[in-house]
Each structure stands twice: as structure tokens, then as C-alpha cells.
Amino acid sequence: MSELPKTFEPGPIEARWYEHWEKNGLFRPARDEAEPFTIVIPPPNVTGSLHIGHALDNTLQDILVRHARLLGKDALWVVGMDHAGIATQMVVERQLEERQDRRTNYTREEFIAKVWEWKAESGGRITRQLRRLGASCDWANERFTMDEGFSRAVVKVFVDLHDQGLLYRDKRLVNWDPGLRTAISDLEVETREAAGKFWHLRYPLADGSGFIHVATTRPETMLADMAVAVHPRDERYRALIGSQVRLPITGRLVPIIADEHADPELGSGAVKITPGHDFNDFEVGKRAGIAPADMLNMLDAAAKVVQTADGLVPADLLGLDRFEARARIVSMLEAEGLLERVEDRMIATPFGDRSGAVIEPWLTDQWYVDAATLAKPAIEAVRSGDIRVVPETWKKTWFNWLVNIQPWCVSRQLWWGHQIPAWYDEAGNCYVAESEEAARAKAGPGIALTRDPDVLDTWFSSALWPFATLGWPEHTEALSRHYPNDVLISGFDIIFFWDARMAMQGLHFMGEKPWKTLYLHGLVRDAQGRKMSKSRGNTVDPLGLIDKYGADALRFTLAAMESQGRDIKLDEKRVEGYRNFATKLWNAARFCQANGIGASAAIAPPAATLPVNRWIVGETARTVRALDLALAELRFDESANAIYHFVWDRFCDWYLELIKPILNAPSGEGAEIAETRAVAGWVLDQILVMLHPFMPFVTEELWHAMGERPYPLIVAKWPTSDARALDPKAGHEIDWLIRLVSGIRAARSELNVPVGERLALHLQGAGEATRERLARHRAAIGRLARVDAAEGAPPAGGAAQVVVDEATFVLPLEGVIDIAAEKARLARAREAAEKERDALAKRLANPDFIARARPEAVEKARADHAEKSALSERYGAALARLG
RNA sequence: GGGCGCUUAGCUCAGUUGGUAGAGCAGCACGUUUACACCGUGCGGGUCGGCGGUUCGAGUCCGUCAGCGCCCACCA
């Protein structure tokens with residue numbers, strides 16, 4: 001037991017204890033016999049640094065893991081990082097560019113080596129930051145989505161899915177990012193409204209008989225037009241169906257076809273069809289019998305104009321950027337009198353979420369996962385309740401996306417990532433296998449093979465995180481113990497990217513859901529409710545808050561503000577408030593130290609005879625129960641509030657104040673002092689344990705400061721909410737005491753009685769029990785309310801009066817206070833009681849209420865009515881006494 | 001075009017199965033009591049977005065309107 005410094009400084013405490021825990025393996029004590037509890041961290045990007053969203057996500061995880069550990073479970077928090085293909089490659093490329101260098105100056109192997117180098121040097125930043133936050137992860141088994149074991153898992157999943165027909169190569173339109181020059185998935189496309197134009201064009205009919213009008217937002221794609229479509233029931237064009245159009249500029253002859261895609265209400269009702277550059281047109285083209293291989297393409301990977309297969313694009317357009325080409329083509333059409341008019345218009349435009357480039361639908365060969373098939377068990381698992389989703393409202397989103405899911409494009413034209421395990425021979429035959437040797441065996445002897453240069457979508461590998469981190473495809477002990485995981489905590493922003501895909505892959509490869517519960521939290525926003533972003537400059541740096549207020553304060557803030565289903569608007573004032581809370585606890589511990597209160601020897605509550613001690617033991621048990629319930633329901637806000645109010649309102653404001661007279665009593669009361677010290681020490685211990693998941697650092701510090709301990713707090717025992725600890729009689733007594741003291745204080749304050757003035761306290765209409773209570777708590781009442789119990793009837797004259805239950809407490813104040821003020825005060829109190837009484841009377845007078853309301857409700861209304869009636873009468877009597 | 005969420009005290013938010021509203025911060029007043037001014041005590045403050053319905057009774061359930069936010073979707 002060491003004396004606590006007067007001021008609480010979080011910094012040094014945090015550094016000391018984190019190191020102690022980690023060094024001593026306390027994040028993962030050996031508990032082979034214990035019930036497992038498992039959480040996996042959403043692996044942060046190697047490029048990442050801890051932002052406030054991580055702080056929230058990881059705080060919630062740490063609370064659950066520390067709680068489970070305190071419950072004696074074999075708690076495992078799997079930690080690691082994600083290689084984050086596109087993001088990481090972009091970072092390293094940008095570094096090269098800063099040195100006037102570029103990726104393509106290197107071989108693939110050289111470049112990848114540079115990325116690994118960079119990862120080694122700066123990739124661990126976020127894990128250091130996680131330590132600052134207090135995250136009790138299993139660092140001894142840190143994983144990476146491209147480490148050797150994980151890579152094996154990725155390859156196996158690819159090959160197995162392929163062999164099962166659930167993964168295939170296909171030529172179709174894909175979302176192409178011309179900035180990054182790679183395909184991306186539907187989810188990586190952000191559609192935003194952007195200012196654009198609607199060009200109305202005249203396409204000459206081939207027979208020279210006139211024009212057909214088409215409207216388009218993308219005139220440049222006319223270089224690859226293959227048809228003009230009209231609605232089959234559109235009378236204006238019926239006669240033209242089957243005839244031909246001679247396209248301007250290229251002179252290509254294309255048919256006018258009938259297709260329901262053409263909307264007669266929109267534009268002219270006729271629409272140009274460019275199957276190679278538009279998702280709708282692709283489908284129209286297929287319906288018109290054009291095979292994907294025959295669809296014309298006019299753009300290269302950087303979205304510059306290239307020659308189409310029929311060679312009709314004029315040479316001076318070749319090599320132009322798509323937007324330059326647009327301008328050029330519009331002016332060419334205008335010159336030929338084929339531009340009818342131009343409308344300004346907002347266009348729903350697709351952008352790449354990483355590059356910000358306008359996405360180009362582009363015809364390429366890519367690898368696709370049959371997501372619809374994998375989605376079915378994931379839908380069923382949530383529908384059946386096998387996976388519990390919290391908050392439930394997300395179930396609809398889950399179903400909506402998974403039911404309508406499209407094939408998942410998993411190949412990326414990047415260098416950094418898991419290279420696709422597929423090999424091609426010179427004839428273009430494809431061999432998917434776990435290794436080149438295996439592929440060669442499939443291909444047969446003497447066949448030269450080239451490996452597919454593409455890599456996999458990062459999410460393809462992170463989808464395997466819940467089981468590949470546990471050793472899969474090996475059948476490890478860890479895997480059988482810790483899969484399925486207990487809870488996944490994730491921001492709702494990655495529900496499709498990650499959560500749904502984990503469910504799909506986990507159910508498919510493990511035959512079992514990845515986690516029992518999926519908990520989705522909101523986003524952390526700034527104090528004005530705006531989304532935080534670097535460009536907006538409103539990001540909150542969690543490390544800065546930790547430096548300023550301590551990790552405990554930040555953690556507690558995030559937990560207390562995490563109410564299900566809502567975004568968090570973070571206000572620094574809240575963090576400051578919870579730093580104050582930690583300080584409050586610190587000072588309470590100092591008080592205990594100064595009064596001979598120390599670590600409790602036992603887990604069970606000490607025997608107590610004094611009501612105040614019996615009461616606080618009961619209150620402790622109630623808090624444990626409230627906390628258990630809240631944590632079981634994943635109500636982080638409720639659990640934080642339960643412990644907060646117990647510590648501050650019950651323990652500090654009342655209990656410690658109430659025991660001061662006992663502790664300070666003159667000698668001769670040894671037994672009471674001993675009992676009180678024991679109880680106070682025990683309660684403080686329970687507080688430290690209960691608060692530890694939320695505020696691990698300050699609690700661990702105080703745990704040791706209060707005395708010698710057989711084990712650190714991080715592996716202490718969670719308290720039990722033993723109902724036997726509750727003593728209703730003591731509870732009522734202390735409740736009465738609190739109401740009495742509060743009542744007297746309020747009266748004094750409202751009547752401006754000088755604080756230094758000690759008043760006499762007389763009784764009016766008090767029963768025997770009240771007199772006994774008053775005698776028992778004379779010292780505490782005297783101290784807290786600054787009154788001295790007096791014998792006999794109150795003297796006549798001015799007095800303040802406080803009604804508690806049946807008794808009226810009279811504080812003679814002749815000459816001290818303004819009698820009129822006290823009368824007004826009592827009249828207000830009586831009026832309030834009467835108002836409630838009358839409302840209850842009205843309800844009770846309603847025969848329908850008596851007949852239809854639940855009997856308990858009627859009973860309660862009667863009891864309340866009686867109480868309010870009595871109360872108003874007592875205030876009436878008090879008023880009468882003042883004349 | 002679908003789907004979801006939000007609207008409760010000046011601010012940020014709770015409010016479990018319907019029984020006439022709570023917290024933190026901010027505000028105001030006062031500071032006796034050797035744990036704590038990062039504190040203590042007390043006080044003020046809400047027609048629970050509008051309208052309608054169900055019910056003995058609605059912040060809580062249903063409908064509708066208004067405003068705000070998010071997600072999904074191939075209107076050229």
C-alpha cells in the first residue's frame with residue numbers, strides 16, 4: 001500500500017500498467033479449462049493510424065474482452081492488420097512520386113519488396129496506438145492478412161470456390177477505375193449527383209429519309225454505338241424498327257431495334273445503344289443478340305480513345321482523353337448540324353471511392369464470385385436468429401443487400417495483394433491450383449504456363465479473418481475452441497464490405513456462422529454532427545484526447561455515448577467530464593487510504609450490522625446486477641451510467657459522507673469503525689473491478705495502491721449480484737435519511753439560512769421508528785444538515801418545516817428567516833402534492849380505469865393517492881402552524 | 001424510385017413490456033464540513049416536431065404531414 005499522490009496524472013500510470021500487463025502475458029492468461037470468449041479485431045489497414053472511429057470500435061471490444069476475462073473466461077481478442085491492397089499501393093506509389101519515381105520503373109517483385117519494407121517500418125503505428133488506448137489484445141499471436149498462414153487460407157478458398165463452381169472468370173462490363181487502372185466492385189463505387197449535360201443529337205437514317213433524335217449524357221461513346229433502341233409500343237417509331245442509321249463521324253451502319261429499355265417519356269424516346277460502355281446498353285445488346293466478345297470498345301485502361309474493332313474511328317480522335325473526346329465530338333456534330341440542343345442537367349455519376357475518378361463501365365475479363373449462392377446461408381442464419389444482430393433494425397439492411405446481391409468482382413489489376421492462383425497456357429486455357437506445380441500437373445507436361453498477374457480484392461481475404469486467424473485450414477485447437485467467435489463489433493459502414501462477406505465465407509467453409517452476435521455501432525461525428533474528414537479538417541485525434549484527459553476518460557466517454565443505433569456526436573466537454581470522474585474516484589481512494597480503509601481480504605461482503613453499511617452492500621449488489629444486465633444486452637451507455645452513478649452519487653456523495661462520523665468517532669466504538677473500514681474497502685474493491693473494463697488504467701493503479709493483492713486487477717474476479725446482500729430494512733432507513741438530509745438542506749438553501757448557522761431540529765407527529773432512526777443517525781444528520789436534534793415540542797414562532805413520511809421536522813428560525821418566504825415555499829410544496837393527488841383522484845373516479853386497468857396499476861394509483869393526500873395535509877398543517 | 005433512422009430541458013442525448021418525463025454539460029444562488037474547486041449544497045428549465053386515431057390512459061402503439069440525415073438502385 002503506497003500513498004496516492006494528491007493529483008491524478010493518467011499518463012505515467014497508463015504507460016506503466018500497459019507494459020506490465022503485456023509483459024506478464026495477462027491479456028491471455030492460460031485458462032484451458034475455462035469457457036472461451038472470442039472477439040476478432042476488425043484488422044486496421046497497415047496504412048492506418050488510430051482515428052476516433054477505431055477508438056470507439058476498439059473500446060467496445062476491449063470492454064467486452066476485459067469483462068469476460070474478469071468473469072474467468074478464456075478471453076481471446078485476436079489482433080492483426082489488413083494489407084489493404086489499393087490503399088497501401090497508393091501510399092507507396094505516392095512516396096515514389098515524391099521522389100520523381102514511379103512504380104513502373106521497377107519490376108513487380110521489386111515494387112512488392114518496397115511495400116513490405118514500408119510496412120515493416122511504419123505499418124505498426126496503429127498497433128502502438130491501440131496500446132495507448134488500452135486494448136488488451138493477444139499480441140503474442142498478431143496476424144496479417146498476407147502472412148504465410150493466411151495466404152495459404154486465401155489460396156485454398158479461391159481454389160475450392162473455383163472447383164465448386166462458385167468462382168469463375170467472365171467477360172462482362174465491370175466498374176473500371178481509369179485513375180487506378182483496375183476493376184473495382186460495385187461497393188467501391190460511389191454514385192453522386194454531378195452537374196452535366198443532356199445532348200440531343202440527330203442520327204441520320206441510312207436511307208436518307210431524315211433523322212432519328214437521340215439524347216445522351218455521354219456523346220463520346222457514340223464512337224462505339226451499335227444500335228438505336230425505341231420502345232416496341234412507341235407509335236412514333238414503329239415504322240422505323242428494323243431500318244438502319246448511319247452514325248455520324250464513324251459512318252457505321254447500325255440498326256434501329258425495339259427494346260423496352262427505351263423510355264418513351266424520356267428525351268425523344270429513342271436511345272443510342274453502346275453495349276461496351278454502359279450497363280443498360282450491355283443488357284440491351286445481349287438481348288439483341290450481340291455477344292460480349294463482339295461488343296465494340298473505344299477506350300483503353302486510362303479511358304483514352306482507341307480504335308474500335310471495325311476500324312471506323314477517325315485517326316484524329318485516337319489517344320484523346322474521354323472528356324476531350326466528348327468536347328471534340330460535340331463540336332463536330334454541331335458543325336454538321338446534328339446537334340439539336342443541349343440541356344443542363346444533374347447526372348448521377350459514378351466515382352471510385354479511393355481515387356475519386358469517374359468510373360468507366362469497361363468490358364474486361366475478371367474473376368467473379370457467385371455471391372448469390374453464398375448469400376443464401378447468410379440470409380438464413382440471420383433470419384433464423386442463429387446470428388443475433390444488434391440493433392435489430394440492421395437485419396432489414398442485411399436481407400435487402402444479400403437478397404439482391406450481384407456477382408462479386410474479386411480481381412484487381414494491382415501488384416500489392418494476394419496474386420490470383422490461376423495459370424494460363426499459350427492457348428489461353430486456364431488452370432486454377434494451389435501452386436504452380438499443381439497447375440502444371442493439371443496442364444500436362446511440356447506446357448508453358450503464365451500466372452494470372454491480377455491480385456484479389458482485399459475484402460476477399462479479410463472475409464476469412466474469423467477463422468483463418470485461428471489456424472484454418474489446419475484443424476487447430478484454437479479453431480475448434482474459438483470459432484464461432486462470440487461477438488463481432490463493427491461500424492455499420494462496413495456491413496456489406498466485411499460483415500456480410502465474413503458470414504458468407506464462414507458459413508461456407510466452416511459450416512457454421514462466424515460469430516453468435518453481430519453488433520453494429522454508428523459513426524463518430526464532430527460536435528456539430530458532421531462526418532469527420534481530413535479534408536474538412538474536423539477530425540478529432542484520439543491520441544490528442546488521450547494526452548489531454550487520459551485513455552480512461554476517452555474510453556468511458558465513448559462507452560457512455562454508445563447508445564444503440566445512433567451516431568455519436570463527440571463533444572470534448574464530455575471527455576473532460578469523465579476525466580473528472582476518474583479524478584473523483586482517485587480522491588475517494590485517497591480518502592479511504594487516509595482513514596485506514598484498504599484492500600478487502602475476501603471476495604464475499606464483510607458482515608455488517610450498521611444500516612449504512614448494510615445499505616451500501618445492497619447497493620453494490622444492485623449495481624452489479626444492473627451492469628450484468630446492461631452488458632448482456634450490449635447496452636454500453638447503460639452500463640457506463642450504472643457504474644458512474646453508483647460511484648459518484650451513492651458511494652462518494654452519500655456513503656463516504658455518512659461514514660465520516662463513524663470513522664471520526666471517539667475511541668470506544670472500535671467494532672463499528674472496523675466494520676465500516678472493512679465494508680468501505682470491500683465496496684471500493686467491487687467498484688474497481690466493475691469499472692475496470694471501462695477505465696482499466698486508473699482502476700489497476702488504485703487496486704494496487706489500496707493494498708497487497710494476490711493478483712492484478714485485470715485478472716480479478718467479477719462480483720456476483722447476490723440477492724442476499726440486499727437488506728430492505730436498511731435500504732429504507734438510508735433512503736429516509738437521504739430524503740431527510742436533502743429536505744433540510746433544500747429548506748435552508750431556499751430560505752437563505754447562513755450555512756454556518758446550526759439549527760435545532762424538533763419533531764412533529766413522528767412515530768417511534770422515526771425517533772429511533774433519528775437517534776441512530778444523529779451524528780450524520782448533524783454533520784450533513786447542520787442541525788442538532790432537540791427534545792420537546794418546537795417553540796412557537798417562525799420555523800422551517802420539512803415533511804418526510806409521517807413526520808414533520810421543524811427548524812425554529814424566529815428572527816432568522818422571512819416567514820413569508822417559508823410560507824410560500826410550503827404552499828408551493830402543498831400545491832404540487834395536491835395537483836398530483838387530484839390527478840390520481842380523477843383517474844380513480846373513472847369507472848373504466850377501475851374496470852379495465854391492470855389491477856397492479858389501480859393498486860398503485862390508490863397507494864399514491866393516499867400518500868399524496870397525506871403529504872398535502874401535512875404541508876397544510878405546517879402552514880397552519882406558521883399562522 | 002425503394003429502404004432505414006432521427007425530431008424529448010439552452011446544448012448533446014437516455015427513456016426497457018403504454019401508467020402524466022431523466023442524465024451530463026451549460027445557467028443561477030450559496031460555499032460551513034481537512035478525499036476531491038477536475039469539488040460540495042441547493043435551484044430554475046420541457047404543451048416529448050404538427051395533426052388525427054387506438055386505449056380507461058400515449059414521449060412510448062397506428063396513420064398522416066413537415067423538416068433533417070443515411071443507405072441502396074443501370075433512367076439514356
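First the proteins, then the strands, lettered A, B, ... as listed; each starts at 1. Computation of the quantities below employed the complete heavy-atom set of this structure, encompassing side-chain atoms and omitting hydrogens, waters and symmetry-equivalent molecules.
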For nucleotides [N] and [M], find the distance between their [atom1] atoms and express it as a whole number of Å.
| N | M | atom1 | result |
| --- | --- | --- | --- |
| B:C62 | B:C71 | C1' | 26 Å |
| B:C6 | B:G45 | P | 29 Å |
| B:U8 | B:A35 | C1' | 37 Å |
| B:C65 | B:G1 | P | 14 Å |
| B:G46 | B:A21 | P | 13 Å |
| B:G40 | B:G15 | C1' | 29 Å |
| B:G5 | B:C75 | C1' | 27 Å |
| B:A23 | B:G44 | P | 12 Å |

Given the ring of [Y], does [X] sit roughly above its face, with NZ or CZ under 6.0 Å from the centre of the six-membered ring and within 45° of the axis?
| X | Y | result |
| --- | --- | --- |
| A:R843 | A:F849 | yes |
| A:K584 | A:Y644 | no |
| A:R172 | A:F282 | no |

I'd like to know if [X] and [Y] make a salt bridge, using a cut-off of under 4.0 Å between side-chain N and carboxylate O.
| X | Y | value |
| --- | --- | --- |
| A:E360 | A:R218 | yes |
| A:R828 | A:E831 | no |
| A:K569 | A:D571 | no |

Which nucleotide wins on minimum distance to the side chain of A:N580, given the candidates B:A35, B:C13, B:C38? B:C38
Would you mind telling me which of B:G19, B:A76, B:A35 lies closest to the side-chain atoms of A:A857? B:G19
Could you give the [atom1]-to-[atom2] distance, from [X] to [N], as a whole number of Å?
| X | N | atom1 | atom2 | result |
| --- | --- | --- | --- | --- |
| A:F636 | B:A23 | CZ | P | 24 Å |
| A:M561 | B:U12 | CE | P | 11 Å |
| A:D493 | B:C4 | CG | C1' | 16 Å |
| A:I744 | B:U41 | CD1 | P | 15 Å |
| A:R192 | B:C70 | CZ | P | 13 Å |
| A:N587 | B:U34 | CG | P | 15 Å |
| A:R574 | B:C11 | CZ | P | 16 Å |
| A:R566 | B:C4 | CZ | P | 18 Å |

Result for ring-ring contact (aromatic ring centres under 6.0 Å, His included) between A:F8 and one of A:W586, A:F581, A:Y549, A:F697 points to A:W586
Go through the N and O atoms of the side chain of [X] and the base of [N], and report whether any donor-acceptor pair is under 3.5 Å.
| X | N | result |
| --- | --- | --- |
| A:R745 | B:U41 | no |
| A:K584 | B:C36 | yes |
| A:E657 | B:A35 | yes |
| A:R579 | B:C38 | yes |

For [X], report the nucleic acid contact type (base, sugar-phosphate, nothing); a contact means any heavy atom under 4.0 Å.
| X | answer |
| --- | --- |
| A:R758 | nothing |
| A:A839 | base |
| A:T583 | base |
| A:F198 | base |
| A:A262 | base |
| A:R345 | sugar-phosphate |
| A:D263 | base |
| A:K6 | sugar-phosphate |
| A:G522 | nothing |
| A:D653 | sugar-phosphate |

On RNA chain B, nearest-nucleotide positions of A:W648 versus A:P264: which is more 5'? A:W648
Select from A:G577 and A:S749 the residue whose nearest nucleotide in RNA chain B is closer to the 5' end of that strand. A:G577
Within less than 4.0 Å of OP1 or OP2 of [N], is there a side-chain N or O belonging to [X]?
| X | N | answer |
| --- | --- | --- |
| A:R635 | B:G15 | yes |
| A:T216 | B:A76 | no |
| A:K396 | B:G5 | no |

Could you give the side-chain donor-acceptor pairs of residues 400-409 of chain A under 3.5 Å, partners two or more places apart or in another chain?
from, atom 1, to, atom 2, distance (Å)
A:N404, ND2, A:N400, O, 2.8
A:Q406, NE2, A:N404, O, 3.2
A:W408, NE1, A:D457, OD2, 3.1

